[in-house]
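So that the names make sense, note that chain A is the first sequence line, chain B the second, and so on, each numbered from 1.
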2 protein chains.
Amino acid sequence: MGKDLSFKDKKVITIGIVRELTGLSERQIRYYEERKLIFPERSAGGSRKFSFSDIELLMEIANKIEDGIQTHEIRKEMQREQKKQNQEEVRRKMIQGQLNAQFGIRKQ
Amino acid sequence: MGKDLSFKDKKVITIGIVRELTGLSERQIRYYEERKLIFPERSAGGSRKFSFSDIELLMEIANKIEDGIQTHEIRKEMQREQKKQNQEEVRRKMIQGQLNAQFGIRKQ
DNA sequence: CGTGTAAGGAATTCTGACACG
DNA sequence: CGTGTAAGGAATTCTGACACG
């Protein structure tokens, strides 16, 4: 079920490192969060924590911004993609459910 | 050539996160560095930066310490393992070199 | 030997605001 | 709209040392 998200999706990287890794300014990174493009977690003290996936996403966002696409549009694009992936997920689960019903792989 | 060390070996995690992830105190983590068991990198300002591999290693170290093994012994164990892996690496490369020499996979 | 702790300082991060355009 | 910046404060991290054992 799902991919191996053990490392790539773990939110463990502070904003300073993200700045170095992406070349973006902290201002930009915080702004993209404000515009709901990325969703860092927070430490107990309030510091943002990012994942490697967030970093990859930030690079894509930066490219689109450079192409003149507005954050508003980028968010909509991302929602469309997310929706598509969700549907894919539902389809897979339904097929799996039917297989289980017919050929009966029972849980013990 | 080599494993995909893209994420697991990237030094991007600060000591506070490592503390949360491992359950160790910062004191312990710094001490294990002092004893040459782990090798975090440093940010420009001097903060330690760890990788996911470092975190896994820290868990192993913590277990051995609990078993009463001294840092000195742990380091020797690790060196032995490292040596073994290096020899393995050399062997692989030699075989590959002979294959290339006989069957000639040229670079372009 | 391995770890806790208080101390003082430096680097890091945070938010809200003003600015430009 | 997207980003830079100065401001003030809070959280984070650093080192060297003393303590216990």
Side-chain angles (χ1 to χ4, degrees), chain A residues 10-79, chain B residues 10-79:
Chain A
K10 235 159 183 228
K11 310 268 188 175
V12 295
I13 309 177
T14 52
I15 197 166
I17 308 276
V18 175
R19 176 174 40 68
E20 287 175 16
L21 261 38
T22 61
L24 299 171
S25 69
E26 297 186 14
R27 182 70 166 95
Q28 289 173 306
I29 298 167
R30 293 197 188 103
Y31 181 67
Y32 301 151
E33 179 192 19
E34 188 186 319
R35 303 311 313 273
K36 314 272 188 200
L37 301 182
I38 47 173
F39 304 91
E41 293 180 0
R42 297 285 179 143
S43 76
S47 303
R48 270 165 270 253
K49 297 186 297 182
F50 302 83
S51 66
F52 282 110
S53 296
D54 289 330
I55 289 173
E56 290 183 345
L57 191 48
L58 278 170
M59 312 280 278
E60 290 180 33
I61 293 169
N63 285 334
K64 291 181 182 172
I65 294 273
E66 274 186 61
D67 292 347
I69 309 181
Q70 296 195 341
T71 54
H72 180 253
E73 279 304 320
I74 298 176
R75 183 163 65 245
K76 282 204 282 190
E77 277 182 33
M78 285 171 49
Q79 283 172 348
Chain B
K10 230 151 189 239
K11 308 268 187 174
V12 294
I13 310 177
T14 51
I15 197 166
I17 308 276
V18 175
R19 177 174 38 69
E20 288 176 14
L21 260 38
T22 60
L24 298 171
S25 70
E26 298 186 13
R27 181 68 165 98
Q28 288 174 306
I29 299 167
R30 295 197 187 103
Y31 181 67
Y32 301 152
E33 179 192 18
E34 188 185 319
R35 302 313 312 272
K36 313 272 189 202
L37 300 182
I38 48 173
F39 304 91
E41 292 180 0
R42 296 285 179 144
S43 76
S47 303
R48 270 165 269 251
K49 297 186 296 182
F50 301 84
S51 67
F52 281 112
S53 296
D54 288 331
I55 289 173
E56 290 184 344
L57 190 50
L58 278 169
M59 313 280 279
E60 290 179 34
I61 292 169
N63 284 335
K64 291 180 181 172
I65 294 274
E66 274 186 62
D67 292 346
I69 307 181
Q70 296 195 342
T71 55
H72 181 252
E73 279 305 318
I74 297 175
R75 184 164 63 246
K76 282 204 282 190
E77 277 183 33
M78 284 170 49
Q79 282 172 349

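Between A/T14 and the phosphate of D/dT12, there is no side-chain N or O to OP1/OP2 separation shorter than 4.0 Å. For the pair B/Y31 and C/dG2, the criterion of a side-chain N or O lying under 4.0 Å from OP1 or OP2 is met.
One atom, NZ of B/K49, and another, P of C/dT12, lie 10 Å apart when rounded to the nearest Å. Put simply, CD on B/Q70 is 5 Å from P on C/dG2, counting in whole angstrom units. To the nearest angstrom, P of C/dT13 lies 7 Å from CZ of A/R19. Atom CD of A/E34 is separated from atom P of C/dT15 by 10 Å (rounded to the nearest Å). Put simply, CZ on B/F50 is 13 Å from C1' on D/dT12, counting in whole angstrom units. Residue A/E26 contributes atom CD, which lies 17 Å from atom C1' of D/dG2 at whole-angstrom precision. Atom pair B/R27:CZ and D/dA19:P shows a separation of 14 Å (rounding to whole Å applied). Between B/K64 atom NZ and C/dG2 atom C1' there is a gap of 17 Å when expressed in whole angstrom units.
A/R42 and A/E33 are joined by a salt bridge, as a carboxylate oxygen and a charged side-chain nitrogen come within less than 4.0 angstrom of each other. A salt bridge links B/K76 with B/E73: at least one charged nitrogen is closer than 4.0 Å to a carboxylate oxygen.
At least one side-chain heavy atom of B/I29 sits less than 4.5 Å from a side-chain heavy atom of B/F50.
If A/R48 and B/Y32 are placed on DNA chain C by their nearest nucleotide, the residue sitting closer to the 5' end is B/Y32. Comparing A/G45 and B/G46 by the nucleotide of DNA chain D that holds the closest heavy atom to each, the one mapping nearer the 5' end is A/G45. Taking for each of A/S47 and B/I69 the nucleotide of DNA chain C with the nearest heavy atom, the 5'-most of the two is the partner of B/I69.
Distances were taken from every side-chain heavy atom of A/Q28 (C-beta onward) to each of D/dT13, C/dT13, D/dT3; the shortest belongs to D/dT3. Distance from the side chain of B/I65 is smallest to C/dG2 among C/dG2, D/dG2, D/dT15. Out of D/dG2, C/dT12, D/dT15, the shortest distance to the side chain of B/R30 is found at D/dT15. When the nucleotides C/dT12, D/dT12, D/dG4 are ranked by their closest atom to the side chain of A/S25, D/dG4 comes out on top.
With hydrogens and angles ignored, the 3.5 Å screen pairs no side-chain donor or acceptor of B/D67 with any backbone N or O of B/K64. The main-chain N or O of B/D54 is never found under 3.5 Å from a side-chain atom of B/K11 such that the two would form a donor-acceptor pair.
Under the Watson-Crick or G-U wobble criterion, with both distances below 3.5 Å, C/dG4 is paired with D/dC18.
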